[in-house]
Every structure is written in structure tokens, then in C-alpha cells.
Amino acid sequence: MWNVARFAASSLRRPRSFSTAIPGPCIVHKRGADILHDPWFNKDTGFPLTERDRLGLRGLLPPRVISFDQQYARFMESYRSLEKNTQGQPNSVVSLAKWRILNRLHDRNETLYYRVLIDNIKDFAPIIYTPTVGLVCQNYSGLFRRPRGMYFSAKDKGEMMSMIYNWPAQQVDMIVLTDGSRILGLGDLGVQGIGITIGKLDMYVAAAGINPQKILPVMLDVGTNNQKLLEDRLYLGLRQPRLEGEEYLSIVDEFMEAVFTRWPKAIVQFEDFQMKWAFETLQRYRKRFCMFNDDIQGTAGVALAGLLGTVRAQGRPLSDFVNQKIVVVGAGSAGLGVLNVAVQAVSRMSGKNETAVKNQFFLLDKDGLITKERRNIDTAAAPFAKGLKDVEGLREGASLTEVVKKLKPHVLLGLSGVGGIFNEEVLKAMQESDSTKPAIFAMSNPTMNAECTAADAFKYTGENIVFASGSPFENVDLGNGKVGHVNQANNMYLFPGIGLGTLLSGARFITDEMLQAASECLASYMTDEEIQKGILYPSVNSIRHITAEVGAAVLRAAVAEGLAEGHGDVGPRELRHMSKEETVEYITRYMWFPVYNPLVHEK
Ligand SMILES: NC(=O)C1=CN([C@@H]2O[C@H](COP(=O)(O)OP(=O)(O)OC[C@H]3O[C@@H](n4cnc5c(N)ncnc54)[C@H](O)[C@@H]3O)[C@@H](O)[C@H]2O)C=CC1
Ligand SMILES: CC(=O)C(=O)O
Ligand SMILES: [Mg+2]
């Protein structure tokens, strides 16, 4: 049951302090130029003279030693001058130029890369993550210079168990896996989808402090049905249609067996799989392996936290959630994930069973309102199909405008992948919403796929709304000194904490209770004052702090369920005895923070 009292904001809020312990030595098994060419260990001109001697680097670098701070300042200067020099150029050109300069640093010196990323997360998240990562995936084959992560293809069948040992790191904790079949709202991008796994794992390092030596982006290339890519002479993936059915599943099975054989304690995040495989693989693996599907489960938790926030923004008690009319546009993995957890929440709040509490939710897909009259309805969407008598005056397949005009919903939530479908007419119809503060969630990514822009939402529905989008928009100037606040309703507020909390709990599975704890934690993070201003989610600048809190909530849920086996030296007994504050502190201390460690060579 949702405990309304828990929604008082935590007093432990947002100090931007990171672990600053004196760096311990780092063992390295190589010497000389091999170290300079290894971004995990490379310090460029930052190697002190003693280390240059010890590691055989003398003469391989210019003589002057440059401090980390100087290197940092030098990089930021070049980034800022790139910004200046590209002013006025098309957005895509500027964004790709920014991505390139960051990517070159990533390829060369990971410590410096992650430090600038963490310190400038608000500026850099839109480059390494949505929206620019979408553009990067679309152009991946042309942009490709160096591999990152691992590529398992349909041609590797039977070889994966040995291939997994080609990865150079001894330990991997976090894997993000895609088959490239639905990258953001950009469709099937085949092998080029690896970009999204890299972006997500960068967020794991920045937000959750997972050590970059323990992450692994993985592309499962089973072909592509994107004709343009198949005909592109630069395309780097398999030139064949996607495998289907048992052939497809046998590839994913083999990969999962290989991963968990080498790293039994790893966590695999499934990312951007087309809907049929997203649901099927989640069902297939969630009780066998430590895995979750970010688009179904991470998105659902973030959306639910936002939906509860909109109830508070209306000045109503949380228990009023059961009376909110919510229209979800997009019946895919994300939209259905949101509906499923929203129904669970209403059921918990009202004490009624889940079948009895679906009346307030309405679902549309590309063919309009989904009713029981729909032919060939997808089994995952079927529970949300309305009987015609429940939507009087509406028909099967009714358009979004018809639905909004008729139902006057409190919330309009888009996860359709279709840019601009919350058009002027739809947004104006939301003025008649039954809510005192209507909510518009345009959650599709990247920016051009958002159901509407922030400016249009405030312009056409009015100033007194709550607005959230999946990719970032600037706050909107409403005139008279007033600001329309833009929230970023993106699963990045949860997936890093889900991964980190699970890792440190040592749980072998990720349960609904652990995911619910993550969502509740995010929902209770904001103060009433912030919520009144329409601020539903923390600033991206506090992502490490919210991630520590979410991670602690997940870990404690695993402890409560008796699933926590511990991690490293911290066993289940110690975890059981930690208070909430101690758990947050433990998690914060665990987080990796980029500093140059002294390198010690060992043969
Ligand atoms: N903000 C966030 O954290 C997240 C955002 N997303 C975004 O959600 C979008 C959808 O993702 P999935 O559900 O995985 O995709 P999906 O392909 O499984 O589902 C898309 C759904 O939208 C429907 N649709 C297509 N055109 C439509 C139209 N004109 N009107 C109404 N519905 C329409 C389709 O019928 C389908 O039901 C993507 O753009 C993705 O980037 C996904 C996960 C997280
Ligand atoms: C954010 C995310 O996971 C998506 O758009 O698919
Ligand atoms: Mg995704």
C-alpha cells in the first residue's frame, strides 16, 4: 500500500559531494606505449615523472607534466571554443561535433572523460545520451573509428561461450544489451544501435558511479529489416533480415548463458528491443537471470513517479490518483509498462483487484482508441481495451482529438515515438481537462519524436499545466517573469539506481518489489514547494544523489524480501543491520569517482 506520509521530501537532500578518498594504487599488467594506448589507464601528459620511470614511459611523452586540473581546463576550453565556432550551424552538425570531441576523449583517457561528464552532466547528457545519441546511432557506420563494447552476431552461434572470454576485464558488473530493433523512436537501426548501450552505460558511470572497467555495452546483431541500411555500402552489421522465432531466441539464450557463466553476478539491462521481444525476453529470463527491461520497467517507474507528482501538483492527496483519467498514447513496450504499474498502484491504493481498477486508463495506438471491438488485438494490450459502453460517444479507433475532447483527461501521456501528434487541436482540447492542472507527458525520444514541444504545450493548453518530455527542452518563458517548468521524464532517473542497488544487494533477480521501491523513492524525492511549481523530477545535476537514494531503496527492498546475498566484503547480515541513512552512505561511498590513481606495474 502506498504510504502517503512517506511523500514528505527527504531531509537528506542533494549535497553535491562525491567521494574524495585518497586514491589507492591501481595494478596494471602492461608497460610503455601499451599503457598510453589504453584509455582505462592513460593519463596523457598527466603521468608524473616517477611513474614514467616505473612504467617505461620516459621519452614517450613531452617532458612537461600537466596536472589533472590543467588537462580538465584545456579540454573544457576546446569544448567551449567549438561551441563558439559552430554557432549558427545546423543543430545536427553542432551536436555531432560535440559528440565527436567527447568521444575522442572517451577513446583516449577515460578518467578525464568521466570527470568532465560528471561535472557537466546537464550540458553533456544531451550529447552522450538522448537526443544526440539517436543521431549518433543513425550515423554510426559512417562515424565508426574504434570499436567499443562487444558484438555478438547470428554468425557467432555456438561460439559465444568462448567469445565472452575475449573481453579484457576480469569482472563485469553491468551490461546493457540491445538487438537494435527499436532504437529510441528511430526504429530498426541494426548494429548501429550499439550507440544507445554506450550512452546508457555512460549514465551508469556518471549517475551510479559504476567503475567503467566493469561495464560492457553489447550488440546482438541478428540482422536488420531496415532496407536503407541493408543497401548502405558503409553499413557495418550483418546484411540479412532479422532472425525470428526460435532462431532468434536461441541466439539470446546462448548469449545469456555465456555472460552468466563468466560473470555470475552481472546484471543485464535489456534496452530498445522491439515490443514482442521486449516482453518475451523479460518473461523468459527474469526468474533465471539478474536482468530487467529498461523500456518496460524503468520507464514505468519514472512515469508513475511523475503521475503521482501531478496529483500532488493539483493540491490533492495522493489517494486521489485512483480518480485521475489518464490517456496513454502508444501501446508498445513503454506505454504498456506504464499502464501495468499504474494499475498495480491504483490496486494497492484502493484495495481493489487489478481487473477492477482499469476504468480510468485509456489506450491508443496507431489505429486510435483501443476497444474490445479491435481485431487481432495484441495480448499485452488486450487488458486495457475498453468496452464501447465504457467510452460512450466514442468508437473503436477514435482519433486522439476525439478521445481528448470527449474524456477531458487529467493526463495525456505519449509513448508513441511519433513527433508532433499532440498537435494544436489536441493541446487546445486539453484546456477542457477535468484537472485543475492538466498534465502533458511527451515522453518519446529523441527530441524530434516528442509528441509535442514544451513551447507548444504551454502555448496551446495554457500556463497552468505540468509538462514533461523524454528528451530535454529549455524551460519556457511565459512572460511577466513567469516560467513554464520543463521536466525530463526519462528512465535515466531510475535505471542507474536499479542496477546499482541490485548489484550491491547481491540479489540474483530483480523483483517487482525492488522496482516499486525505486519508483516510490523517486516519487517522494521532491518537496511540496517544488511540486507546486510544476517540478516533478530532480535536476539532472543531482543525478548522483537521486541515484544513491534509489539504489538504497532497491537494496533495502531486496533485503526485505530476503534476496540480498551481499557484495564483496559486505554480507547479507551487514546489509540487514544498515539503517536507511547508512545504506545511502554505503552506496555513496561505493560509487567510483574519476581521479588519477598511482599505477603499479605487475607482470
Ligand atoms: N522517456 C523515456 O524514458 C522513454 C521513452 N521511450 C520512447 O517511447 C517511444 C515508444 O517506445 P516503445 O513503446 O518501446 O515502442 P513500440 O514500438 O513498442 O510502441 C510504439 C507504439 O506507438 C503506437 N503508435 C505509433 N504511431 C502512433 C500514432 N500515430 N498514434 C498513436 N499511437 C501510435 C504503436 O502502435 C505502438 O503501440 C519511443 O520513442 C521511445 O524513445 C521509451 C522508453 C523510455
Ligand atoms: C529513454 C529510452 O530508454 C528510450 O527512449 O528508449
Ligand atoms: Mg530505451
Side-chain angles (χ1 to χ4, degrees), residues 125-126 129-131 133-134 137 176-189 193 195-197 199-200 203 269-280 282 292-306 327-340 362-370 374 376-378 380-381 384 397-404 412-423 426 441-452 468-473 487-496 498 519 522 537:
Y129 188 53
T130 185
V133 73
C137 289
V176 177
L177 171 75
T178 190
D179 68 355
S181 55
R182 188 287 279 151
I183 297 299
L184 305 175
L186 304 170
D188 180 351
L189 295 184
I196 194 69
T197 68
K200 291 272 176 184
M203 291 305 284
Q269 170 170 324
F270 277 58
E271 191 66 48
D272 289 6
F273 283 69
Q274 60 181 308
M275 170 158 131
K276 64 175 175 181
W277 294 128
F279 282 111
E280 171 114 17
L282 182 60
F292 70 106
N293 182 297
D294 181 39
D295 300 292
I296 299 174
Q297 297 168 300
T299 312
V302 168
L304 178 61
V327 169
V328 173
V329 186
S333 49
L336 290 172
V338 171
L339 277 174
N340 280 317
F362 304 85
L363 181 60
L364 286 86
D365 69 358
K366 63 180 182 347
D367 300 318
L369 180 67
I370 300 182
R374 177 72 63 99
N376 300 326
I377 189 165
D378 193 279
F384 300 99
S399 74
L400 178 57
T401 316
E402 289 172 294
V403 169
V404 173
L412 181 59
L413 188 151
L415 281 163
S416 64
V418 184
I421 52 168
F422 295 175
N423 57 26
V426 171
F441 284 70
M443 288 181 68
S444 289
N445 297 314
T447 314
M448 68 177 181
N449 296 67
E451 283 76 9
C452 65
S469 53
S471 296
F473 281 101
N487 294 282
Q488 194 175 352
N490 190 293
N491 49 28
M492 70 182 179
Y493 284 115
L494 286 191
F495 71 76
I498 294 171
S519 179
L522 181 61
Y537 300 103

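Order of appearance sets the numbers: ligands from 1, and atoms from 1 within every ligand.
- Closest to atom 44 (C) of ligand 1, if we only count protein heavy atoms, is T299 OG1, 3.0 Å.
- E451 and S416 are linked by a side-chain donor-acceptor pair at a separation below 3.5 angstrom, with hydrogens and angles left out of the test.
- Each of the atoms 1 (C), 2 (C), 3 (O) of ligand 2 lies under 4.0 Å from some heavy atom of N491.
- Within the 4.0 Å heavy-atom cutoff, R182 counts among the residues contacting ligand 2.
- When hydrogens are left out, the protein atom nearest atom 27 (C) of ligand 1 is K366 CA, 3.5 Å; that is the closest non-hydrogen contact.
- Looking only at protein heavy atoms, the nearest one to atom 16 (P) of ligand 1 is G332 CA, 3.8 Å.
- Close approach of ligand 1 to V329 is summarised as follows: ligand atoms under 4.0 Å from at least one heavy atom of the residue are 31 (C).
- Listed by number with element, the atoms of ligand 1 under 4.0 Å from a non-hydrogen atom of M275 are 18 (O).
- F384 has its side chain out of reach of V328: every pair of non-hydrogen atoms, C-beta onward, lies at least 4.5 Å apart.
- Residue D294 has at least one heavy-atom neighbour below 4.0 Å for each of these atoms of ligand 2: 3 (O).
- Less than 4.0 angstrom separates some heavy atom of Y129 from each of these atoms of ligand 2: 1 (C).
- At a heavy-atom cutoff of 4.0 Å, ligand 1 is contacted by no atom of N449, backbone or side chain.
- Atoms of ligand 2 found under 4.0 Å from any heavy atom of D295 (numbered from 1 in listed order, with element): 2 (C), 3 (O), 4 (C), 6 (O).
- Per-residue contacts place G185 under 4.0 angstrom from the following atoms of ligand 1 (heavy atoms of the residue considered): 38 (C), 39 (O), 41 (O).
- Listed by number with element, the atoms of ligand 1 under 4.0 angstrom from any heavy atom of A331 are 21 (C), 36 (C), 37 (O).
- Only backbone heavy atoms of A489 (N, CA, C or O) come within less than 4.0 Å of ligand 1; its side chain stays farther off.
- Contact between V302 and ligand 1 is absent, with no heavy atom of the residue lying under 4.0 Å from the ligand.
- Looking only at heavy atoms of the protein, atom 31 (C) of ligand 1 is closest to D365 O, 3.1 Å.
- The side-chain heavy atoms of N490 and Y537, taken from C-beta on, include no pair separated by under 4.5 Å.
- Nearest to atom 5 (O) of ligand 2 among the protein's heavy atoms is N445 ND2, 2.8 Å.
- Ligand 2 lies out of reach of M443, whose nearest heavy atom is not under 4.0 Å from it.
- Set against the non-hydrogen atoms of K200, the atoms of ligand 2 under 4.0 Å away are 1 (C), 2 (C), 3 (O).
- Per-residue contacts place L184 under 4.0 angstrom from the following atoms of ligand 2 (heavy atoms of the residue considered): 4 (C), 5 (O), 6 (O).
- Every atom of ligand 1 is numbered from 1 in the order shown, and the set under 4.0 Å from a heavy atom of A334 is 12 (P), 13 (O), 14 (O), 42 (C), 43 (C).
- Of the N or O atoms in N491, one or more lie within a sub-3.5 Å distance of an N or O in ligand 1.
- On a distance-only criterion, V418 and ligand 1 share no N/O pair closer than 3.5 Å.
- The part of R182 lying near ligand 1 is the side chain, judged by heavy-atom distances below 4.0 Å.
- Those atoms of ligand 2 that come under 4.0 Å of a heavy atom in N490, given as number and element, are 1 (C).
- Of the listed residues (P446, G298, G414, S416), the one carrying the non-hydrogen atom nearest atom 20 (C) of ligand 1 is S416.
- For the residues S181, S444, S469, G134, the heavy atom positioned nearest atom 7 (C) of ligand 1 is part of S444.
- With sequence neighbours left out, the side-chain hydrogen bond (donor to acceptor under 3.5 Å, both in side chains) criterion links S471 to T130, N445.
- By the criterion of a separation under 2.8 Å, the protein N/O/S atoms near the Mg ion (ligand 3) amount to E271 OE2, D272 OD1, D295 OD1.
- Atoms of ligand 1 lying under 4.0 Å from at least one heavy atom of L184, given by number and element, are 38 (C), 39 (O), 40 (C), 41 (O).
- Polar contact check, G470 against ligand 1: no nitrogen or oxygen pair lies under 3.5 Å apart.
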